[in-house]
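I have placed the structure first, in the form of structure tokens, so that the comments after it can refer back to it.
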Amino acid sequence: MKRLLRALCLTAAVTVSTVPALAQTRNETLLVVIESGTNSLDIHTVGANPASYGVTWNTYDRLLTYGTKTLPDGTLSYDYNNIKPELAESWKFTADDEITFVLRKDAKFHDGTPVTAKDVKWSFDRMVSVGGFPTFQMKAGSIEKPEQFIVVDDHTFRVKLLRKDKLTVPDLGVPVPTILNSELVKKNATEKDPWGLEYTKTNSAGGGAYKVESWKPGQELVLARNDDWKSGPLPKLKKVIIREVPSAGNRRALLERGDVDVSFDLPPKDSQELAKGGKVKVAGVPIENSLWYVGMSLKQPPFDNVKVRQAVSYAVPYQKIMDAAIYGRGIPMFGGPAKPTSAAWPQPSPYNTDIAKAKALLAEAGFAKGFETTININQGAASLAEPMATLLQESLAQIGITTTINKIPGANWRAAMLKKDMPIAIDTFSGWLNYPEYYFFWGYHGQDAVFNIMSYKNPEMDKLIDAARFETDRQKYEEQIKGFVKIAWDDMPRAPLFQYYLDAAMQKNITGYTYWFHRGIDFRPMGKE
Amino acid sequence: MNLLEIEHLSLEFRTRGGTVRALEDVSLAVGKGETLGVVGESGSGKSVLSFAVMGISDAAAKVTNGAVRFEGLDLLGDGRSALDELRGAEMSMIFQNPRVALNPIRMVGKQIADVLSRHAGVTRDQAKTRAVEMLAKVRIPDPERRARAYPFEMSGGMCQRVMIALALACSPKLLIADEPTTGLDVTTQAAIMDLIGDLARESRMSTILITHDLALAAERCDRIAVMHAGHVVEVATTAELFAHPRHPYTAKLIATTPRPGVGLAELEPVPGALPDLRGDLPDCRYSTRCERHRAECAAGPLARMIDLTNAHLVACRRPL
Amino acid sequence: MIAHLILRRLLGAIPSLVAVVVVTFMLTRALPGDPAAYFAGPAATPQAIEEIRHKLGLDKSLPLQFVDYLGDLARGEFGQSLTTGQPVAQDILARLPASVELTLAGLILALIVALPLGVAAATRPGSWIDHLARVVSTAGVSLPVFFTGLLLVYVFYYLLGWAPAPMGRLDLFTSAPRTITGFFLIDSLLTGEFATFRAAAAQLTLPALTLALFSVAPLARMTRASMLGVLSSDFVRTARANGLSRGTVLVTYALRNALLPVVTTLGMVFSFLLGANVLVEKVFSWPGIGSYAIEALVASDYAPVQGFILTMAVLYVTLNLLIDVLYGLIDPRVRIEA
Amino acid sequence: MNPTLRHIRYVLAENPVTGLAFAGFAAILLLALFGPLIAPYDPLASNTDQALRAPCWDYWFGTDHLGRDILSRVIVATRLDVQISLAAVALSFALGAPLGICAGWYGGRTDRMIGRVVDTIMAFPLFVLAMGIVAALGNSVVNIVYATAIINMPFYARMARAETNARREAGFVEAARLSGNGDARILAAHIFPNILPPMMVQVSLNLGYAILNAAGLSFIGLGVRPPTPEWGIMVAEGSAYIVSGEWWVALFPGLALMLAVFCFNLLGDGLRDIIDPRRRT
């Protein structure tokens, strides 16, 4: 009898002690579901997709990063105005054209090798040399040539500036300038691939807060905490599992049933309903410097006629789109004052749905009977763009413009944008660096970048954009911005619709979710209550 | 007592085209150890009759009247449940086209063993040994090896021997042989018929030999029943039937049967075709083909089976 | 004998495989879109796109690209997937077992339902069970698989909570068994991880059911037709005349013979299911090669599409071989005469 | 009454399901012809105030995410779906039957060559091939029809080949040959009409498959252009709303799709009964 009792006690003790242990692991593990995952562990590799930004954000350190602020609704957001050191202990302008970084002495890569200025230089050399997106992104901050990067000593690194560019420092806090373990990568580089891109694509070679524990491309990524991380406070979550679940309905069900912790970048209807339902919390932050718009190609008559563009802009069913296409998960960008009153971007255009006015303008332009054209949308974003296109089509029919909707496969979208042969297109563009002129440089400038899908060219606007880029005087700068925004409203090559929210839905016990311009999740400040 | 008695059996098929009255008022009896021949053109209902006796008729077949008694047990009535046990054990059947009548993908020895283990209450091993014995009994050379052969590896005659082994495995009291020699060459035919005859005699087994070959029936049977369009038109002992056929159809049949000394050219086919068994039929189904047909034939119902002399039965108003 | 048959079949399949390679190459090059532009990422200049085009070898002429492709194939290289960033061969090898396991599970489930249904219908043609079998199986094949899948998820996972979350082959807390065959069900049994087996089986149930619903109809119909034919055949009559029990007649005699055409149908259904998999995998986040192919196709990512189609073609040939062998196992005539 | 009609009546009486299938088929054809007249609302008119209304008296099947009446859309979609499947099946018949007849008739090299083509198509995973074709040729109804036709072609070719082969030595063919008819004439006037009935069965079975195929393509985004009502695309769109509880958006078009395919399949059975009573499967 005694023995039995003892056995019972023992069993009970074992049970009691294992259950919290399990709960403990569950409490330190974060389950995230997303639509599709990364295709590379290194943002420098060819074709690294947007999901890789979030991965490299957590697995690599950069010299600099941004601080956080709390938005009015309580959500955390990165703070554009607060640039902080990360791998660098400190940094300062040591001359007008020179920034000097002092590296942390205790920082180590995942394999234990200490981080030195040599690694930093090699990494910087790499990103400006490999071509493609990383090189391009760094160019935006005037970081262009290996000669700019100087190793002063093991823990001091210097960047020479080619010109005075206010984007240089912010550009060092984007996901691209990661610091790699140069010895490790060089060991795995080949003659054909001197920068070891093949290796880093599938192997993590950094020293960030998280290590890649396992990666099944197209299925699952598991991150484990790097307990030796020194570049910031030790993260609370020991493990992060990111699972790909393509069906939006399934992602919602998983979250609602409590099987996962976070569902990221979900459809607006789900965000709206989940937020209303109150079972989970939804953090929605308007994406900075971004805009959904209806673009009209000036190369495709009759959209070379400004009256036609204005007519279309008056025919857009703005409010219907807000309600039925994005369920209010965006800030309206229509019905604003007639002239720009602030230098903010994006800001509401003065246009509103006004069919009578649209008809009149169309008649003035000589198209009283209307015409036929196509509305183009990106298949990859069809769940959002298709309802918008359908509503626009219906509305345009009222002023006599007959349209067909063209769904262009995601792969072809960029090529179509390059060709600039889409009469009407519904799309979005957002810039990482939150400056109006940055947006206009890509979207409206006569350099005719890929995102200027309207092929809009106006020398007057170009002058204002170029000036604003290097303008140091606040007053003048704001005038320049208001100036090109005004031109945009007058010429109306694209009709702004709304500024979209980046929504993340999560269980109520999740803390520390932070909005980032790169739209990846930063797991470092996150935890569970 | 007769081993098998068929009394006033009527059977019809319900098909899409209408009801086919395949058997009508058929009465027959088989005594112990007797060999009864059932002859007639194809389509006259011989096989339908045998299937009805065995209880393996098509699902569309429906017995509308009559009884089949095996050792006094009514197989269509009270004895229906016993039929499963009787089939293959007390009464069994062999078919034409032996090559397709055997399971093509099962070794013949196994097929025999299946029957034995079902009815003889033996173990699987015993059944196997007995199967080989049965193959030897039907005079198949090298039975051990043959037991492991598939039907497609054997000749038609061999297959028919297997079929006989299958049918006789449990020493039944009644064997129905439905055209057992169709599709076999002449020498094999004789050998098969000899085999059946020998085995039947050995065990005093009753046999029903169904054939369209009157000569064969003449040679092998004690008595013969002639069928035409679902009717039995004449029954008599073999000698009597050939000596004094009373039904015009029988006479015609005999006339078409090859005999020694008669050339093929002299044989005359039975004129006319079998009547369509759907819809209304005259009382005498032969009347449309009968040269002796007179108006009086249609007057009043035809009494079945007028007993003439010496157990010679005929169904005709104006017998020869 | 069988070896001889297999060899002959393999040789016979070579021209088809060659044709598949050529057609696949042309088809993928006809896909719209510019992978270079797609993978150059945001804000790429035309020059950056050209750089990538060169890197991918897409600036060469088509015939040259084809020669490159053939060379790679000869070396056993399927190229790299741009979407997952992995060698295609590795991706396919990792994902194929998932697809095959799912398809086989669906097929087996379908057989378990279809065979008895077909037999029941054949033994009582025209009866209510015959009509019921016909209506039920036809209804199953009339549903688009993705719709069935979604409905099953909604009812059994979301509403009732009986099924686990539709997120792949295992839930998040079970780790995959050591890879032996790649089939989780088999591997987990071989390694004795019964909890894993249960978890894998639970994940497999709904998608397999979706596929099964779709494939019951052709199998049940073929079983019925074939059984009807066999049941009216001479040898079944013989078996009945010999008083064999109903079960023996139906199963040992009739069904085994009736299986021959069913096996042929089975092959067809299997290759059909591999196609339907594409949709089911998408619904259930199943990490198979079907979902892999869709993503690649939409991204104009040539290498995975080519690798996928080639794999499927090889699978198809193998499948036909297997069916021949199976046929031989069932039917001694094929075996001995081959 | 003539025997054919009597036979048909018999088949219908014997098999009530077939009767049902014929009735369903007739209903589908009527909807395809007169759908736009019957539909209570404009199938394309959005009404965002009424978005995602559950089925009610005003909207029997509810409304979709843009407030369009699902009943009207389901009704109007009938025409397009029937057109797609009819066109695809007609095309694959027109491609497959002559190829199969030639293969079956001439045998030898012709047979081998055509057989190779057919084998090659079959060696592709058919649905993926359809995806590839639509992706390569572009997203349009016409291309869906082409793709569906191509992947169905082998079935017709194989069937036509087998049926022709079986009739090559038939008496009526011999007679035609003896009376001096050329190959082309024999094939067109004698072989073709004879193999038509069994092929018709395949046609009706394929009609259903063609609709499913188009729906599957729509589901992965390779389908009909919005906002055209089409069952497959409606199910695909509606599938996003199942989990959030708006089941009607996907259910009703799904049911319509299912019923149509169901009717076509059963029709195939019925036709087979009528054409060949022995081979009822």
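The structure presented is a predicted model; accordingly, all values stated were derived computationally and were not measured. Chain letters run A, B, ... following the sequence lines, proteins first and then strands; every chain starts at 1.
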What's the spacing between [X] [atom1] and [Y] [atom2] if we round to 0.5 Å?
X       : Y       : atom1 : atom2 : value
S285(C) : E220(A) : OG    : CD    : 12.0 Å
Y158(C) : E256(A) : OH    : CD    : 3.5 Å
Q219(A) : R95(C)  : CD    : CZ    : 5.0 Å

Check your understanding: Has R75(C) got more than 12 heavy atoms of other residues, nucleotides or ligands less than 6.0 Å from its CZ?
Key -> yes
Contact class of [X] relative to chain C, heavy atoms under 4.5 angstrom:
X       : result
I241(A) : side chain
V222(A) : neither
Q447(A) : neither

Revision key, fill the gap. Most heavy-atom pairs under 4.5 Å with chain C, out of R251(A), K201(A), E198(A), belong to K201(A)
Point to revise | Which of R257(A), M417(A), Q379(A) touches chain C most, by non-hydrogen pairs under 4.5 Å | key: R257(A)
Check your understanding: So, does N250(A) use its side chain to make a donor-acceptor pair with the main chain of F284(C) at under 3.5 Å?
Key -> no
**Study point:** Minimum heavy-atom distance between Q86(C) and T202(A), given as atom pair plus value
**Key:** NE2-CG2, 3.1 Å
Check your understanding: P246(A) and K282(C): which non-hydrogen atoms are nearest, and at how many Å?
Key -> CG-O, 3.8 Å
Point to revise | Y157(C) versus chain A, the contacting section by heavy-atom distance below 4.5 Å | key: both
